[in-house]
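A quick write-up on the structure given underneath.
Throughout, numbering of the chain's residues begins at 1 and tracks the sequence.
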Amino acid sequence: MTKTTVAHTAPTAAAATAVTDATTTTQENHVTTGATVWLTGLPSAGKTTIAYELAGRLREEGHLVEVLDGDEIREFISAGLGFSREDRHTNVQRIGFLADLLARNGVKALVPVIAPYADSRDAVRKRHEASGTAYLEVHVATPVEVCSERDVKGLYAKQAAGELTGLTGVDDPYEVPGSPDLRIESQNQTVQESAASVYALLSERGLV
């Protein structure tokens with residue numbers, strides 16, 4: 001029987017360099033400066049639409065991005081919560097914890113969530129300050145009259161018909177942010193312009 005010997009050739013310097021370059025390129029394609037951008041405002045203000053528009057631009061530039069959609073959070077993380085003040089506060093704190101966790105690990109966390117109470121929003125900001133994580137509050141200040149005309153989810157129509165109570169900004173409080181990092185009047189500009197203004201804020205703060 002003839003014994004066959006297989007020779008294992010060590011990679012050449014050129015091959016090793018090519019692998020290193022490929023790894024470096026892959027790493028460089030991702031920008032790992034994390035931050036949380038919380039878009040607060042009334043239902044149908046345009047928060048989620050702006051968040052997804054911004055997310056698309058950031059991803060094209062190599063940023064790691066997650067949009068923490070309020071409806072999805074309600075379904076999968078806060079399913080047992082209602083809409084009392086206490087439950088709303090708990091929901092916001094859970095989202096704030098998740099956003100901070102993502103941002104501390106290099107992700108841009110975009111949070112289009114109403115968060116109607118100032119103390120809840122302040123608690124989220126303080127959590128980020130404690131961990132040294134960038135946090136920006138954006139008030140999408142679309143008037144309730146415009147929101148009710150948009151009525152993306154039919155909530156205003158249901159409230160008007162007596163089928164729904166506790167609608168934020170109508171028969172439940174919304175505490176307007178006193179000094180957000182940015183205030184957007186989405187009724188006066190396009191979605192792209194609104195997203196661009198948030199991007200400009202990120203750029204101004206050295207986060208893009």
Side-chain angles (χ1 to χ4, degrees), residues 24-73 92 95-116 118 120-144 146-147 150 152-153 169 174-208:
T24 302
T25 300
T26 300
Q27 292 173 343
E28 289 176 350
N29 282 341
H30 293 290
V31 183
T32 57
T33 302
T36 292
V37 179
W38 196 296
L39 297 100
T40 176
L42 299 176
S44 294
K47 305 179 298 297
T48 301
T49 305
I50 295 169
Y52 277 108
E53 179 70 23
L54 176 61
R57 178 173 181 179
L58 291 172
R59 288 186 179 117
E60 286 178 358
E61 296 182 358
H63 297 268
L64 301 173
V65 183
E66 290 292 340
V67 177
L68 302 184
D69 182 87
D71 291 337
E72 294 177 353
I73 296 292
V92 168
I95 299 171
F97 170 80
L98 182 56
D100 180 51
L101 181 63
L102 289 169
R104 281 190 281 119
N105 285 278
V107 178
K108 298 288 192 304
L110 309 183
V111 189
V113 172
I114 296 171
S120 298
R121 298 191 299 263
D122 290 344
V124 172
R125 182 184 289 276
K126 288 177 182 176
R127 173 185 291 278
H128 283 70
E129 290 174 351
S131 65
T133 308
Y135 178 84
L136 302 175
E137 181 179 86
V138 177
H139 179 208
V140 184
T142 312
V144 67
V146 176
C147 294
R150 293 176 178 174
V152 177
K153 301 174 184 176
Y174 177 75
E175 298 174 0
V176 176
S179 55
D181 297 281
L182 176 67
R183 204 182 303 274
I184 295 173
E185 296 184 355
S186 72
Q187 75 277 14
N188 296 328
Q189 57 191 27
T190 66
V191 172
Q192 291 73 23
E193 289 170 336
S194 294
S197 65
V198 183
Y199 184 92
L201 175 63
L202 286 165
S203 179
E204 177 187 310
R205 300 294 174 87
L207 298 169
V208 291

How close do [X] and [Y] get, counting heavy atoms only, and between which atoms?
X	Y	answer
V176	R121	C-NH2, 3.9 Å
V144	G169	CG2-O, 4.1 Å
G34	L207	O-CD2, 4.3 Å
C147	P43	CB-O, 3.3 Å
D71	K153	OD2-NZ, 2.6 Å
A103	T133	CB-CG2, 3.3 Å

Open item on the list: Please check: side-chain N/O of S120 versus main-chain N/O of V92, any donor-acceptor pairing under 3.5 Å?
Closed with: no
Open item on the list: Determine whether a donor-acceptor pair (N or O, by modelled atom type, separation under 3.5 Å) exists between the side chain of T40 and the backbone of I114.
Closed with: yes
Between [atom1] of [X] and [atom2] of [Y], what distance do you get to the nearest 0.5 Å?
X	Y	atom1	atom2	result
E53	Y199	CD	OH	13.0 Å
L110	T36	CG	OG1	8.5 Å
T142	R150	OG1	CZ	4.5 Å
I95	D69	CD1	CG	9.0 Å
E137	D122	CD	CG	7.5 Å

- [ ] Could you check L68, L39, V37 and say which one makes a side-chain contact (heavy atoms from CB on, under 4.5 Å) with V111?
- [x]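 The side-chain contact (heavy atoms from CB on, under 4.5 Å) with V111 is passed solely by L68 among L68, L39, V37.
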Task: Residues which pass side-chain hydrogen bond (donor to acceptor under 3.5 Å, both in side chains) with Q189, listed by chain and number, not counting sequence neighbours - done: S194
Open item on the list: Under the rule for side-chain hydrogen bond (donor to acceptor under 3.5 Å, both in side chains), what residues qualify as partners of R205, not counting sequence neighbours?
Closed with: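 R205: side-chain hydrogen bond (donor to acceptor under 3.5 Å, both in side chains) contacts with D181.
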TODO: Apply the ring-ring contact (aromatic ring centres under 6.0 Å, His included) test between H128 and each candidate in Y135, F97, W38; give the one that qualifies.
DONE: Y135
Task: Salt-bridge present (R104, D100; N to O < 4.0 Å) - done: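 Looking at D100 together with R104, the answer is yes, because their closest N to O distance falls below 4.0 Å.
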Task: Side-chain touch V208/K108, heavy atoms, less than 4.5 angstrom - done: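 Counting from C-beta outward, V208 and K108 do come under 4.5 Å.
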Task: Intermediate values then yes/no, salt bridge (charged side-chain N to carboxylate O under 4.0 Å, His left out), E61 and R57 - done: CA-CA 7 Å; E61 296 182 358; R57 178 173 181 179; 3.8 Å; yes
